[in-house]
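The structure under discussion appears below in the form of structure tokens.
A note on names: the letters A, B, ... follow the listed sequences, proteins ahead of strands, and every chain is numbered from 1. What you see is a predicted model, and the numbers here were worked out from it, not measured in a lab.
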Protein chains: 2
Amino acid sequence: MSRASIADAVGLTKATVSSLVGELIARGLLSERGRAPAAAVGRPGQLVALSDETVVGLGLEINVDYLAACVLDLAGGVRFERFLRRENRDTPIRDVFDALGDLGRSALNEAEAERLIPVGVTVAAPGLVEVDSGMLLMAPNLGWSNTPLRTEVANRLQRPHLYVTADNEANLAALGELWQGHGQEWRDFIHISGEIGVGAAVVVGGELLRSGSGLGGELGHLSIDPNGAECPCGSRGCLERVVGQEALLKRARLDAEVGTSIGVPDGGVRLLAESAERGDQRTLDALAEAGEALGLACGAAVNLLAPNTVVLGGIFALLFDWLADPLREELEKRAFVAKCSDVAVVRSELGAAAAVRGAASLTLRAVCADPYLVGSSGR
Amino acid sequence: MSRASIADAVGLTKATVSSLVGELIARGLLSERGRAPAAAVGRPGQLVALSDETVVGLGLEINVDYLAACVLDLAGGVRFERFLRRENRDTPIRDVFDALGDLGRSALNEAEAERLIPVGVTVAAPGLVEVDSGMLLMAPNLGWSNTPLRTEVANRLQRPHLYVTADNEANLAALGELWQGHGQEWRDFIHISGEIGVGAAVVVGGELLRSGSGLGGELGHLSIDPNGAECPCGSRGCLERVVGQEALLKRARLDAEVGTSIGVPDGGVRLLAESAERGDQRTLDALAEAGEALGLACGAAVNLLAPNTVVLGGIFALLFDWLADPLREELEKRAFVAKCSDVAVVRSELGAAAAVRGAASLTLRAVCADPYLVGSSGR
DNA sequence: AATAGTATGTTTGCCAATCAAACTAACGGG
DNA sequence: CCCGTTAGTTTGATTGGCAAACATACTATT
């Protein structure tokens, strides 16, 4: 954008914008990018854009069956991204953190080798995270509880000046989709993260919904059949028992094979997708049922919140083709609201990468919100 | 509060607060109210409070079986409140508006007789309201659609300078509870309005959640039994078919009697409450079942949004004693989130009055947000 | 009763963010 | 080659808020 168009968009004067832009360029957050394509008449503007050669954010993710790291620059460029397939359930917690620390340090090293300045780190985890303290209070699918996520990670990165934040994986995935994917256009959407567990995050008006308690988003434990099978959570007929990765594998009778594929990238999902691709009936049935169950659950959420889009993320992004139609059909039936306004059901753009990307973006957003952070070493 | 404590609370200097308070007193929005009760040491502060003798807001409500009006002053005092029992379903729409107009005008007249200055009007209606245009797009329980709520009301009030707004009844009831009831303490709650239909509104962080489309809150059409009875909405097993006022009456076998009681204040609910009071088994069963169904539906909402409180409003406030226990029990079972943080289930403080109160408050909030509105005649 | 201590509210001068308006710069078209 | 048009900058004025000193009102101590 040119200075003039920025002034127009934010409602400040050209004069004010000019001086602010000047300051941000001096700090290296913005850079000039040639002239605008001379429109009709008048002097063409100087384009300014977020700089891609100064500040970067690091995102880290601990999930049940992988670790991930991602470095993003302000312009949205992915400067580093690596997934490390790894079963994190039955290994000692400190081994997991050691592995994540190694991954994070190598990401930082690569960034610094390119003369980029990391300004912060956000750690995503599949469970209930207390943002202020950086504690992972409870992660049922990981089997962890009361783990000091932030300090464990911070201690291993060897960058004491870096501010480390921790947040919930489902929330960060939605933010990833919001900032890196098409989220800005949707503005009101529900992002469903299918992994071993099933989570959801709600974006209203381009803003992530955060409850006071930091909990929420437990779509996986929505009861879709009040008299259905028992769930360890104490309820019956929970969505997760039908559409969670392990439930899907079991229902498709692929759970025997998956044992042999631990350590294979995208172990379980890959198996499911391949089996569906081959036209295996049991798999197709399981997926159709899952789509229907998701539709029922989404119906509840849509009736309550009336988003304009439902985004299928995580493993559901890979399985989208088999889930979408039954989901839409059920949603149409169940959601009163969907009769007045169209609700689109779409595949996540980032898939399993959404959460790390969101994590990396979150730190960068903090810089955008307060550019004085840069240079003043962390917070 | 004294000026000093305000300064402390909002983070401005005493100097700044002093000058702002001065301005607001000059405009008549604040007034001094004697000295503070000399605390320990030091000079006691001059108390200032929102003035109760200048500005008032008018709230109007159209519901299925009544009309209502309410005048509130800035201090939260109810200066006028009247409910008009009236069956609005099978009467001509213009008759309804005429009656509402009369009610509104008499409210304004009384306010003006007390030398109060009405600054705006908000109309609540049980259906989908497009706030910008003031259109009632659809009100299934009223049988109306595409009714120009705002202009119809504005034309009948004979106060062309007054700005009239229209909004959804469930939303306004939640705002009423937020601003006039205990909502400020809860901050994160779900307000359930039981009337002929069942609606819900969500408050997160002291802020009402509004979806972009203006829809949402259709808790009544949550499917609590995917294979249950058909609902006119096209789905099956909708909550409203079990807990809506007419469903309750039918299940309690009181629907024959209710015909004879049309025109009686609180017709249906009163009957239910009295019958339950008498210990009528069918009524008690119906209410227990309803509580259970509400618990299941709330479980879904709680899992997703993790509020700390669920407020039962509308007719559910009157029936609270019979609904609460089965509701809590079911919620406990169904809501994963409720296991980590306590979710209180409480009776609405304002009951059926919540929506008009919220409507009246909403206009006053507009004044608080922009005090320059006062005196500059409407907007 | 005088004095010290503490907290409230007001006055004063100052600063930084923003604006309006005039000005310079860059481009296309008659 | 000048004119209209739009982009960006310079200039001086306005303003919301701050810090610090002051006046005020009350309690506690001597």
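Whole-Å rounding puts the A:Glu32 CD to D:dA7 P distance at 15 Å. Rounded to a whole Å, the CZ atom of B:Arg33 is 20 Å from the P atom of C:dT8. We find that CG of A:Leu20 is positioned 13 Å from C1' of C:dC19, with the value rounded to whole Å. If you take NZ of B:Lys14 and C1' of D:dT24, they are 11 Å apart, rounded to a whole angstrom. A straight line from CZ of A:Arg3 to C1' of D:dT6 spans 15 Å, rounded to a whole angstrom. Rounded to an integer number of Å, the gap from CG of B:Asp8 to C1' of C:dT8 is 12 Å. A straight line from CE of B:Met1 to P of C:dG9 spans 11 Å, rounded to a whole angstrom.
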Output, in order, the C-alpha distance, side-chain angles, deciding distance and verdict of salt bridge (Lys or Arg N to Asp or Glu O under 4.0 Å) for B:Glu349 and B:Arg357. CA-CA 11 Å; B:Glu349 217 182 323; B:Arg357 299 277 184 94; over 6 Å; no
Candidate pair B:Gln46 and B:Arg3, rule side chain to side chain contact (heavy atoms under 4.5 Å, CB included), full reasoning:
CA-CA 7 Å; B:Gln46 298 267 118; B:Arg3 290 161 173 84; 3.7 Å; yes
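OP1 or OP2 of C:dA17 has not a single side-chain nitrogen or oxygen of A:Ser19 nearer than 4.0 Å. For C:dT8, the OP1/OP2 oxygens have no side-chain nitrogen or oxygen of B:Arg35 closer than 4.0 Å. Applying the 4.0 Å criterion to OP1 and OP2 of C:dC19, one finds that A:Thr13 has a side-chain N or O inside that range. Residue A:Thr16 places at least one side-chain N or O closer than 4.0 Å to OP1 or OP2 of C:dC19.
Taking only side-chain atoms of A:Val41, from C-beta outward, the nucleotide of D:dA28, D:dT6, C:dG9 with the closest atom is D:dT6.
Residue A:Gln46 is the one, among B:Leu12 and A:Gln46, whose nearest nucleotide of DNA chain D lies closer to the 5' end (criterion: closest heavy atom). Where B:Ala15 and A:Gly42 each meet DNA chain C at their nearest nucleotide, the meeting point lying more 5' is that of B:Ala15.
Environment of CD in A:Glu207: sparse, with no more than 12 heavy atoms of neighbouring residues, nucleotides or ligands closer than 6.0 Å.
Distance check: A:Asn171 CG to A:Leu209 CG gives 9.0 Å after rounding to the nearest 0.5 Å.
Looking at A:Arg43, its side chain comes within 3.5 Å of the base of C:dA25 through a donor and an acceptor atom.
Among the heavy atoms of the strands, none lies under 4.0 Å from A:Gly22.
For the pair B:Ser2 and B:Leu47, the tightest heavy-atom approach, listed with the atom from each and the gap, is N-CD2, 4.0 Å.
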